[in-house]
Amino acid sequence: MAGESDLPRIAVVGAGIFARTQYIPRLREIAHLVVLKAIWSRTQESAEAAAELARDFAPDIECKWGDAGLEEIMGDRSIVGVAVVLAGQVQVELSLKMLKAGKHVIQEKPASGSTAEAETALSVYNSFPNQLPYKPIWALAENYRFEPAFVESNKLMSDIGEMMNIQVIVEGSMNSSNPYFNSSWRRNFLGGFILDMGVHFIAGLRMLVGSEIATVSSISRHVDTALPPPDNICSLFQLENGCAGVLVFAVNSRSPKILWRVDGTKGTVQVERGIDSGKHGYQVLFTSENGQCQKTFYPFSGVHEELKAFVHDIVQASKDGDHKAEPRSSYAEGARDVAVLEAMLESSKKQGAQVQVKKF
């Protein structure tokens, strides 16, 4: 096993809910692969509070805050990777700064607030020279693409024959007991929770069916005034392979339910959020041509897997300048999720008129 001095060093930029409840625990799980050298926040107080949560596995963790702290991270040559876990409105600008400083970046979803922002960002990133020994990797943290349930369900798609129809049902639980309910940046985001939460469900759909969404026709509504508009959307979509499907999405529901179901000529595949033996995850149901139903439960592990993949990529990039990073983490993949939601929101403004999804 590599000694700590041989391990790559990374920084976490952001000390909000997700950084504290997901990034720090998941980095603890892979502390044998990577060293968490620093954590940054806007204020010294929040940086220090987050650092204390990681002290058990990162005893030498440094606290950074404010503009000076960001400059220190960018100037620290021992830090090779940065996780950007901030408000959606500022992530792209900061990610590009870190990339320009030569740091590999894993940026939290959503990739951007709009396809226009994503296009500009990709153009800037692609203009960076292929610096020796490598061009920095820009990964987009969309954990649904790394959930074993979707990885395995995608493999079952070849067994259900030709796709006939798809259903995506999202009845969320974004109420006052949810820690993200009062998140100001999500409330001020164009599309609100529909965009911020929705990219997950679109990522799951795209991962499952293995085909891009070509067109959408949607109706959205604002029903729950405690939530930013819109909080409900119903969309008819068509894949590039011709198969059609429906997405029914309520940000907050009295009976939370999240599922993806694909009906084929020889069987069906269904992925549904659930709990098994006290563990949260997904139940995958595969019904074959003879009517037999096979059930498999996969606990959540997407954040763990995506961080492990990012660490693997930055280690490989240091050895091989031509290393191809994990495609599921590419920034363009995240931009494609945003493009679908943006098209759905645009269609709803046009009373359900069909809208083409922007390609990346």
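- E326 has no carboxylate O lying under 4.0 Å from a charged side-chain N of K308, or vice versa, which leaves the two without a salt bridge.
- Considering D263, T287, L259, V284 as possible partners of Q270, the one that fulfils the side-chain contact (heavy atoms from CB on, under 4.5 Å) test is L259.
- Remark: side-chain polar atoms of H104 are paired, donor with acceptor, to backbone N or O of I137 under 3.5 angstrom.
- Across every non-hydrogen atom of V85 and A19, the tightest pair is CG1-N, 4.0 Å.
- Environment of CD in E240: crowded, with over 12 heavy atoms of neighbouring residues, nucleotides or ligands closer than 6.0 Å.
- Distance check, rounded to the nearest 0.5 Å: CG of D276 to NZ of K295 gives 10.5 Å.
- In this structure, the side chains of V248 and V170 stay at 4.5 Å or more apart for every pair of heavy atoms.
- Not counting sequence neighbours, S153 has no partner by the side-chain hydrogen bond (donor to acceptor under 3.5 Å, both in side chains) test.
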Review point. Given K37 and S78, is the side-chain contact (heavy atoms from CB on, under 4.5 Å) satisfied, shown in steps?
Key: CA-CA 9 Å; K37 185 175 181 190; S78 74; 2.7 Å; yes
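- In the hydrophobic clustering of ILVMFWY residues, with side-chain heavy atoms under 4.5 Å counting as a link, I160 and V246 come out apart.
- The minimum heavy-atom distance between S220 and I233, with the atom names listed, is CB-CG1, 3.9 Å.
- For the pair V251 and M197, the minimum side-chain heavy-atom distance is below 4.5 Å.
- Environment of CZ in R55: crowded, with over 12 heavy atoms of neighbouring residues, nucleotides or ligands closer than 6.0 Å.
- Separating the NE2 atom in H32 from the CD1 atom in I30 is a distance of 7.5 Å, to the nearest 0.5 Å.
- Note that the CD atom of E306 and the CG atom of N143 stand 5.0 Å from one another [nearest 0.5 Å].
- The shortest distance between side-chain heavy atoms of M344 and V340 falls below 4.5 Å.
- Both Y298 and M157 belong to a common hydrophobic cluster when Ile, Leu, Val, Met, Phe, Trp and Tyr are linked at side-chain heavy-atom distances under 4.5 angstrom.
- In this structure, F360 has its ring center no closer than 6.0 Å to that of Y331.
- Between the side chain of S347 and the backbone N or O of A353, at least one donor-acceptor pair lies under 3.5 Å.
- I61 places a side-chain heavy atom less than 4.5 Å from the side chain of I39.
- A cation-pi contact, defined as under 6.0 Å to the ring centre and within 45° of the axis, links K135 to Y125.
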Exercise for review: Give the C-alpha distance, both sets of side-chain angles, the deciding distance and a yes or no for side-chain contact (heavy atoms from CB on, under 4.5 Å) between I258 and I169.
Suggested key: CA-CA 6 Å; I258 301 175; I169 298 173; over 6 Å; no
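- Relative orientation of the H312 and H323 rings is perpendicular, given thresholds of 30° and 60° on the angle between their planes.
- We find that K109 and E142 are not joined by a salt bridge, their nearest charged nitrogen and carboxylate oxygen being 4.0 Å or further apart.
- Residues E108 and A141 approach most closely at OE2-CB, 3.3 Å, considering heavy atoms.
- Between K257 and E272 there is a salt bridge, since a side-chain N of the basic residue sits under 4.0 Å from a carboxylate O of the acidic one.
- Judged by distance alone, with hydrogens and angles left aside, the side-chain atoms of T265 form a donor-acceptor pair with the main-chain N or O of E162 at under 3.5 Å.
- Using a distance-only test at 3.5 Å, with no hydrogens or angles considered, a donor-acceptor pair links the side chain of D231 to the main chain of V223.
- At distances below 3.5 Å, not a single donor-acceptor pair connects side-chain atoms of E152 with backbone N or O atoms of P148.
- No chain of hydrophobic side-chain contacts below 4.5 Å, direct or via other Ile, Leu, Val, Met, Phe, Trp or Tyr residues, connects L27 to F146.
- F201 has its side chain out of reach of D337: every pair of non-hydrogen atoms, C-beta onward, lies at least 4.5 Å apart.
- When atom types are taken as modelled, the side chain of S277 and the backbone of K279 share no donor-acceptor pair closer than 3.5 angstrom.
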Exercise for review: Applying side-chain contact (heavy atoms from CB on, under 4.5 Å), run through I194 and L345 and close with a yes or a no.
Suggested key: CA-CA 9 Å; I194 290 283; L345 291 166; 4.2 Å; yes
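- Formation of a donor-acceptor pair under 3.5 Å by the S46 side chain with backbone atoms of T43 is found in this model.
- There is a path of hydrophobic side-chain contacts, each under 4.5 Å, that joins V151 to V209.
- Rounded to the nearest 0.5 Å, atoms CD (Q238) and CD1 (I166) are 10.0 Å apart.
- Not a single donor-acceptor pair under 3.5 Å links the side chain of W40 to the backbone N or O of A47.
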Check your understanding: F128 and K100: side-chain contact (heavy atoms from CB on, under 4.5 Å), yes or no, with the steps?
Key -> CA-CA 7 Å; F128 291 166; K100 197 170 184 180; 3.9 Å; yes
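- With values rounded to the nearest 0.5 angstrom, Q91 atom CD is found 11.5 Å from L96 atom CG.
- Considering all non-hydrogen atoms of both residues, W260 and Y144 come closest at CH2-CE2, 3.8 Å.
- Under the 4.0 Å criterion applied to side-chain N and carboxylate O atoms, E29 and R26 are assigned as salt-bridge partners.
- Within the 4.5 Å cutoff, the side chain of H200 has no heavy atoms near those of the I202 side chain.
- With contacts defined as side-chain heavy-atom distances shorter than 4.5 Å, the pair P136/V105 does not qualify.
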Exercise for review: For E119 and K358, run salt bridge (charged side-chain N to carboxylate O under 4.0 Å, His left out): C-alpha distance rounded to whole Å, both residues' side-chain angles, the deciding distance at 0.1 Å, then the answer.
Suggested key: CA-CA 10 Å; E119 273 188 320; K358 194 171 204 50; 3.7 Å; yes
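- When all heavy atoms are compared, the tightest approach of A121 to W138 is CB-CH2, 3.7 Å.
- For the residue pair T115 / E342, a side-chain donor-acceptor distance below 3.5 Å is found, with atom types taken as modelled.
- Clustering ILVMFWY residues whenever any of their side-chain heavy atoms sit less than 4.5 angstrom apart, transitively, puts L285 in a cluster other than the one holding V271.
- Ionic pairing of R9 and D76 is not present here: no N-O contact between side-chain nitrogen and carboxylate oxygen is shorter than 4.0 angstrom.
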**Study point:** Worked verdict on E171 versus R273 for salt bridge (charged side-chain N to carboxylate O under 4.0 Å, His left out)
**Key:** CA-CA 11 Å; E171 295 168 1; R273 179 85 63 90; over 6 Å; no
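- I79 approaches A38 most closely through the heavy-atom pair CD1-CB, 4.4 Å.
- Atom CG of L307 sits about 5.5 Å away from atom OH of Y23, to the nearest 0.5 Å.
- Screening E333, E147, R145 for a side-chain contact (heavy atoms from CB on, under 4.5 Å) involving M207 leaves a single residue, R145.
- Looking at N126, its side chain does come within 3.5 Å of a backbone N or O of L122 through a donor-acceptor pair.
- No donor-acceptor contact under 3.5 angstrom links the side chains of S123 and T120, judged on distance only.
- The existence of a salt bridge linking R28 and D56 is confirmed by a sub-4.0 Å separation between a basic side-chain nitrogen and an acidic carboxylate oxygen.
- Between S95 and Q107, the side chains place a donor N or O and an acceptor N or O closer than 3.5 Å (distance only, hydrogens not considered).
- Judged by distance alone, with hydrogens and angles left aside, the side-chain atoms of H222 form a donor-acceptor pair with the main-chain N or O of L227 at under 3.5 Å.
- Ion pairing between a basic and an acidic side chain is recognised when a charged N comes within 4.0 Å of a carboxylate O; D159 and K266 show no such pairing.
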